[in-house]
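If you read the sequence from its start, that first residue is 1, and numbering goes on from there. Basis for what follows: all heavy atoms, side chains included, without hydrogens, waters or symmetry-related copies.
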Amino acid sequence: MARSVQVLGTGQLVDLSRRLRTAGGPRLRQNMARRVRRAAEPLHRELQDAVLTMRLQSEGRKRGRDGGTPRGGPSPTTRPFRQMLAGGVRLSVRTTSSPGARVWIDRSRIEPQARNVLNQINQDGRLRHPVFANRRRWVNQRSEAGWWSRRVQAGLPRMRAEVERVLGDVRRDLQ
């Protein structure tokens, strides 16, 4: 899985970034960064919404060893699971070296025991995890494989076109 999406028109963006530093000043650079961010925000929101609404289908709840007691217990995470994962999908914009927009998964915002969950679901379409942190009892949950890749491929052309439009506008401002 591509852990991040980057829109880089390396030659054009680097050249434009240099010209911004010399001619445009901070106001023009901030304006360009804001517009590039706006171009990437729909994809960012779509990926976060996908995490929040992703269907995770379980194998079904099984009974305890005595045959009748349902299993359960407190959640091992301190935050709601889907909100935690969605909070890990980040957006960053740079106008200096290697300028562009980047949508990525920030693993530091996800709790340690869940850091590989989004990658695991994207690759296999399956989330294998211990039941309530019991390492002797594991379950599988199914979801759509390639959820990240498909959404990125669908959103990238629109994002690139918007960044090209922004670059054209900034280029006209510099002339």
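- The CG atom of Leu47 lies 10.0 Å from the CG atom of Leu118; values are rounded to the nearest 0.5 Å.
- Residue pairs meeting the salt bridge (Lys or Arg N to Asp or Glu O under 4.0 Å) criterion with at least one partner in residues 114-126, sequence neighbours excluded, do not occur; the list is empty.
- From Glu144, atom CD reaches atom CE of Met54 across 6.5 Å, with rounding to the nearest 0.5 Å.
- Taking CG of Asp49 as the start and CZ of Arg82 as the end, the distance is 12.5 Å to the nearest 0.5 Å.
- Looking at Arg165 and Glu162, their side chains come closer than 4.5 Å, going by heavy atoms from C-beta outward.
- A 4.5 Å side-chain heavy-atom check between Asp169 and Arg172 finds at least one atom pair inside the cut-off.
- Of all non-hydrogen atoms in Ala145 and Gln123, the two that sit nearest each other are CB-O, 4.3 Å.
- With a 4.5 Å cut-off on side-chain heavy atoms, Asn119 and Trp148 do not count as touching.
- In terms of modelled atom types and a separation under 3.5 Å, the side chain of Arg107 and the main chain of Pro112 share no donor-acceptor contact.
- When every heavy atom of Gly155 is checked against every heavy atom of Leu43, the shortest pair comes out as CA-CD1, 4.3 Å.
- Listed by chain and residue number, nothing satisfies the salt bridge (Lys or Arg N to Asp or Glu O under 4.0 Å) test with Arg37 (two or more places apart in sequence, or in another chain).
- Between the side chain of His44 and the backbone N or O of Val103, no donor-acceptor pair lies under 3.5 Å.
- Side-chain N or O atoms of Arg109 include none that pairs as donor or acceptor with a backbone N or O of Ala86 at under 3.5 Å.
- Here the straight-line distance linking atom CG of Leu52 with atom CZ of Arg45 works out to 13.5 Å at 0.5 Å rounding.
- Rounding to the nearest 0.5 Å places CG of Asn134 at 8.0 Å from CZ of Arg137.
- Pro157 approaches Gln153 most closely through the heavy-atom pair CD-O, 3.3 Å.
- When all heavy atoms of Ala101 and Met159 are compared, the pair lying nearest together is CB-CE, 4.0 Å.
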Pair Glu41-Arg38, salt bridge (charged side-chain N to carboxylate O under 4.0 Å, His left out): steps then yes or no: CA-CA 5 Å; Glu41 279 175 350; Arg38 280 191 192 152; 5.7 Å; no

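- Rounding to the nearest 0.5 Å gives a distance of 12.5 Å between CG of Leu127 and CG of Asn122.
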